[in-house]
Amino acid sequence: MTYQVLDARWLSPNVKRLRVRAPHVTHNCKPGQFVIVRALVDGERIPLTIADSDRAAGTIVLIVQVVGATTKALCALEAGQAILDVAGPLGKPTEIHPVRHAVLVGGGVGTAVIYPQAKALRDAGARVSAVVGGRTKPFVILEEELGRVCDDVFPCTDDGSHGFHGFVSDRLKRLIAGADVPVDLVLAAGPVAMMSAVAEVTRPLAIHTVASLNPIMVDGTGMCGGCRVTCGGHVKFACVDGPEFDAHLVDFKELTDRLTAYRAFENCAMERSA
Amino acid sequence: MNDTPIKPKAAERMKIPRQAMDARNAVARSASFAEVNLGFVEQVAMMEARRCLDCKDAKCVGGCPVAIDIPAFIDRVAVGDFAGAADVLLRDNALPGISGRVCPQEKQCEAKCIRGNKGGDPVAIGYLERFVADWAREHGDRRLCPPPKCEKKAENVAIVGSGPAGLTAAGELAKRGYGVTVFEALHEAGGVLVYGIPEFRLPKSIVRGEVESLQKLGVEIETNVVIGRTYTIDQLLGEMGFSAVFIANGAGLPMFLNIPGENLKGVYSANEYLTRINLMKAYDPNSSTPVMRAKEVVVVGGGNTAMDAVRVARRLGAERAMLVYRRSRAEMPARIEEVLHAEEEGIIFEMLADPAEILGDDGGWVRAVRCVRVQLGEPDASGRRKPTRIAGSEFEIPCQIVISALGTRANPLLTQTTPDLKTNQWGYIVTDENGMTSKGGVFAGGDIVRGAATVILAMGDGKKTAGAIDRYLSLNRRPT
Ligand SMILES: Cc1cc2nc3c(=O)[nH]c(=O)nc-3n(C[C@H](O)[C@H](O)[C@H](O)COP(=O)(O)OP(=O)(O)OC[C@H]3O[C@@H](n4cnc5c(N)ncnc54)[C@H](O)[C@@H]3O)c2cc1C
Ligand SMILES: Cc1cc2nc3c(=O)[nH]c(=O)nc-3n(C[C@H](O)[C@H](O)[C@H](O)COP(=O)(O)OP(=O)(O)OC[C@H]3O[C@@H](n4cnc5c(N)ncnc54)[C@H](O)[C@@H]3O)c2cc1C
Ligand code: SF4
Ligand code: FES
């Protein structure tokens, strides 16, 4: 099996969209699920969200942000080249319940997670708003694509170069306060600090909030426990019990901390590949 | 073999001492992933084989889970007919190069050896098995000869998991003419043999060689497929056109200690640690796979997994690589040879100690394990002596990495997505004596049925169940 890249284009200065041949993944895949990808011989296995899939064409879309050696190698791929391994779909799909108004909050590459969720919620009849953030205008991704499947899209930038000037969590607060249809579901995907901030916005309002967690993973099948997170005081394996969890129960502090486990090593690996 | 040596008389044979296995120097090897045991040369193998008394009522065979005709293969070795020895071995065991290296012979065949029980050392059955397998591999793989008259069957069989159970079943079914596809969740076939057992104990080239010979027999191996997610069992039996499924997905769910501090940075399950090292090649400094290295490493457990993890930690540069175990040395379930090798490599054994808490520093990194001394009570019904904690006996072991090697349980991923598959209270799949599950056309074997067991038992299940699948499909075959 070769996992060929069919087309590749940059969405932002550090995020690339890859359409990849992976017919086996399209067979049963649903919003919220991810694949484990290997890009370097003898290298790491990393999780990436299935941002879109096309069963008839046997292709999936991956949206990859350069953060380290493996994502850098992936983002160097052009159409016609291939990824070593693509396993999946993995993780539990997003639970799509009938809701009236869902707000999807995407930070940076987390926006890749909310795109398929937006489609599914729209198909389930919900009103769907998206709040998407980036450092500056070029870092806000998928705004147009989300525009096609959401009722509203609210871009936010840290410097005010595009849309709302400030954090997505602040824009969310305002959106909830002014919503004509009351918000009854919030889905968040992005940096841990962002998801944690979103959880604090909705906690006092008791709005059901789900975060798509991004711990370090290895196998993605429940075999290693490296992806463990604490949720409501219980240890969960994010790759099989998640990656989506009730944001009001997640121990974000622990997650943030665990993500730094390999920082020193990663810097070396990145320098070597530079 | 024109100068076939004559086998000596029993009294002569009793005089031959057990031949030692040459091993790499303990100091040199504690920094290397090269295989520790170097194997017998032909002369040594023949000498060792001559120690066998060729007993009428050979007890060793009863000690072997797959009942290899041990005296028969050893007889061939003794006279230098190594090809003949390989033929005998391969009748009962498709992967002798693997079992010869990893079987706990001291609890199986060699424990029953009559010569050993007469007060001497048992015949080195495992070393001889390994010798014959290696010899056969080096002299052209004999299994590649097409088995006699295997007519192509119409049915295809799906195998879930490429560990020893899955690979053995795949070979047996392919030889019987079935179309066989093995689905493997990881990117490389072999199961624990590639992700768990380290290179220095079982070189991966051996496993790869076995997988390649299966592929030459026509077995398809599809990696990166997680059954239960990529395809369900029902889809395999339905739209994908398989007539039977053999589930051999192992017992891959790691157990943790459930003590405070277990999510600190520096705490690993043995599965994660070993997978990063073995499957993802983190032992190679050029690999981009990260793995933590530290001066002081504590591994908790006493089985093969614990022994592998602690010896790996030593090889990655730990000055104090320590094994912490709740019972005493005698109770350790690891292969005796691994325990001896670990000692030679400078592994520290901290017995009768039970971890109570993992302590961290301000940055969230492990700094020590707090343990409690235990004492062993009278043996319980299972014969194991139950450890009880001694009040006020707490002590700290400074370390930067803690690896939990407490064993594994059934991974629920597959069974949860196949609700009509009957499991027991621990989540293991329930089968009848032929490996058939509660679901029509679905069979299971290896660790997912037995609980974490051994390589040879998994291979035995693969072989036996392949026979049962053949009978099942033959009975269901409509006359054409
Ligand atoms: C379920 C899930 C879905 C994900 N989906 C996407 C996606 O669609 N697009 C995308 O660009 N990224 C996604 N990620 C994050 C992505 O897996 C990491 O960015 C990637 O593993 C980094 O690997 P690297 O070798 O390039 O960087 P490294 O050098 O290994 O790491 C750089 C930094 O990234 C963080 N990191 C390391 N490993 C992981 C990891 N496994 N998961 C999360 N963060 C990590 C750490 O904080 C680290 O310091 C997802 C993560 C999860 C768990
Ligand atoms: C570190 C370690 C050392 C050991 N040392 C020894 C030893 O020295 N001697 C000995 O006899 N035994 C040893 N054992 C035990 C032995 O390895 C196991 O009993 C044996 O491997 C079980 O074989 P199996 O075929 O049932 O499963 P496994 O070898 O576990 O293989 C199962 C395979 O199925 C795959 N899989 C799981 N779920 C799915 C799915 N849903 N879809 C597709 N594929 C899936 C897994 O990725 C894996 O590759 C050791 C075990 C470990 C962990
Ligand atoms: S398979 Fe294992 S138990 Fe059987 S003879 Fe070989 S080493 Fe002994
Ligand atoms: S990634 Fe290994 S258990 Fe989740």
Side-chain angles (χ1 to χ4, degrees), chain A residues 1 3 22 24-25 27-29 33 35-45 68-70 73 84-92 216 218-230 235 237 239-240 251 253-258 260-266 268-270 272-273, chain B residues 183-188 195-196 222-226 228-232 235 239-240 249-250 252-256 258 262-276 279-284 286-293 360 363-365 404 408 411-414 416-417:
Chain A
M1 164 69 71
Y3 309 99
H24 64 301
V25 176
H27 215 86
N28 287 325
C29 101
Q33 290 188 298
V35 287
I36 293 262
V37 167
R38 214 166 58 101
L40 299 164
V41 177
D42 294 350
E44 250 185 308
R45 298 163 53 92
T70 309
L84 283 181
D85 292 288
V86 179
L90 299 166
K92 287 193 176 148
I216 292 171
V218 176
D219 57 298
T221 66
M223 179 269 272
C224 78
C227 62
R228 57 199 190 281
V229 293
T230 304
V235 175
F237 289 4
C239 70
V240 286
D251 184 342
K253 193 180 158 296
E254 181 186 272
L255 177 60
T256 308
D257 198 41
R258 285 182 60 82
T260 65
Y262 296 105
R263 191 128 302 160
F265 185 96
E266 284 150 0
C268 297
M270 197 57 175
R272 268 209 312 267
S273 72
Chain B
F183 296 102
E184 168 55 49
L186 297 171
H187 61 263
E188 195 175 330
Y195 80 71
E222 280 198 36
T223 50
N224 297 324
V225 172
V226 183
R229 294 257 201 252
T230 313
Y231 313 117
T232 62
Q235 284 169 337
E239 60 201 80
M240 299 186 64
N249 62 338
L253 186 79
M255 287 199 273
F256 285 90
N258 285 321
E262 254 184 327
N263 290 348
L264 288 166
K265 288 172 290 183
V267 183
Y268 280 115
S269 74
N271 272 6
E272 180 182 358
Y273 187 69
L274 292 170
T275 299
R276 284 178 179 274
L279 184 72
M280 290 154 64
K281 310 284 187 276
Y283 67 83
D284 177 353
N286 293 316
S287 162
S288 69
T289 302
V291 73
M292 291 174 204
R293 293 167 190 248
W365 297 91
S404 158
T408 53
N411 186 331
L413 188 144
L414 180 91
Q416 267 169 8
T417 52

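So that the names make sense, note that chain A is the first sequence line, chain B the second, and so on, each numbered from 1.
With a threshold of 4.5 angstrom between heavy atoms, A:V235 approaches chain B through side-chain atoms but not through N, CA, C or O. Contacts of B:V267 with chain A are made by both backbone and side-chain atoms, with heavy-atom separations under 4.5 Å. Heavy atoms of A:C239 lying under 4.5 Å from chain B belong exclusively to its backbone. Of the atoms belonging to A:I36, not a single heavy atom falls under 4.5 Å from chain B. Proximity to chain A is absent for every atom of B:E188, based on heavy atoms less than 4.5 angstrom apart. Contact annotation for B:F256: only side-chain heavy atoms (C-beta onward) come within less than 4.5 Å of a heavy atom of chain A. Contacts between B:L274 and chain A at a heavy-atom distance below 4.5 Å are absent for every atom of the residue.
Of the options A:V218, A:D42, A:D219, a side-chain contact (heavy atoms from CB on, under 4.5 Å) to B:M280 is made by A:V218 and by none of the others.
A:I216 and B:R276 get closest at one heavy-atom pair: CG2-NH2, 3.6 Å. Nearest heavy-atom pair, B:P254 versus A:G222, reported as atom, atom and distance to 0.1 Å: CD-O, 3.5 Å. Residues A:G43 and B:S287 approach most closely at CA-OG, 4.4 Å, considering heavy atoms. Looking at every heavy atom in both residues, A:F237 comes nearest to B:L253 through CE2-CD1, 4.0 Å. Here the shortest heavy-atom pairing between A:A261 and B:W365 reads O-CH2, 3.1 Å.
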Check: Is there a side chain to side chain contact (heavy atoms under 4.5 Å, CB included) between B:H187 and A:L84 once you walk through the steps?
Finding: CA-CA 9 Å; B:H187 61 263; A:L84 283 181; over 6 Å; no
- Query: side chain to side chain contact (heavy atoms under 4.5 Å, CB included) between A:R263 and B:K265: does it pass, once the steps are laid out?
  - Reply: CA-CA 11 Å; A:R263 191 128 302 160; B:K265 288 172 290 183; over 6 Å; no
What's the verdict on side chain to side chain contact (heavy atoms under 4.5 Å, CB included) for B:E222 and A:H24, showing C-alpha distance, side-chain angles and the deciding distance?
CA-CA 10 Å; B:E222 280 198 36; A:H24 64 301; 5.5 Å; no
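For the atom pair B:L279 CG and A:R45 CZ, the distance stands at 6.5 Å (nearest 0.5 Å). A distance of 6.5 Å separates CD of B:Q416 from NZ of A:K92, quoted to the nearest 0.5 Å. In this structure, CZ on A:R38 lies 10.5 Å from CG on B:L186, to the nearest 0.5 angstrom.
Partners of B:V226 according to the side-chain contact (heavy atoms from CB on, under 4.5 Å) rule, which considers only residues two or more places apart in sequence or in another chain, are A:L90, A:T221, B:A185, B:R229, B:T230, B:L413. By the side chain to side chain donor-acceptor pair (under 3.5 Å) test, B:N263 pairs with A:R228, A:T230, A:E254, sequence neighbours left out.
In terms of heavy-atom pairs under 4.5 angstrom with chain A, the leader among B:G252, B:S404, B:S269, B:P290 is B:P290. For the options B:T408, B:V291, B:N258, B:L414, heavy-atom pairs under 4.5 Å to chain A are most numerous at B:V291.
With hydrogens and angles ignored, the 3.5 Å screen pairs no side-chain donor or acceptor of B:N224 with any backbone N or O of A:D85.
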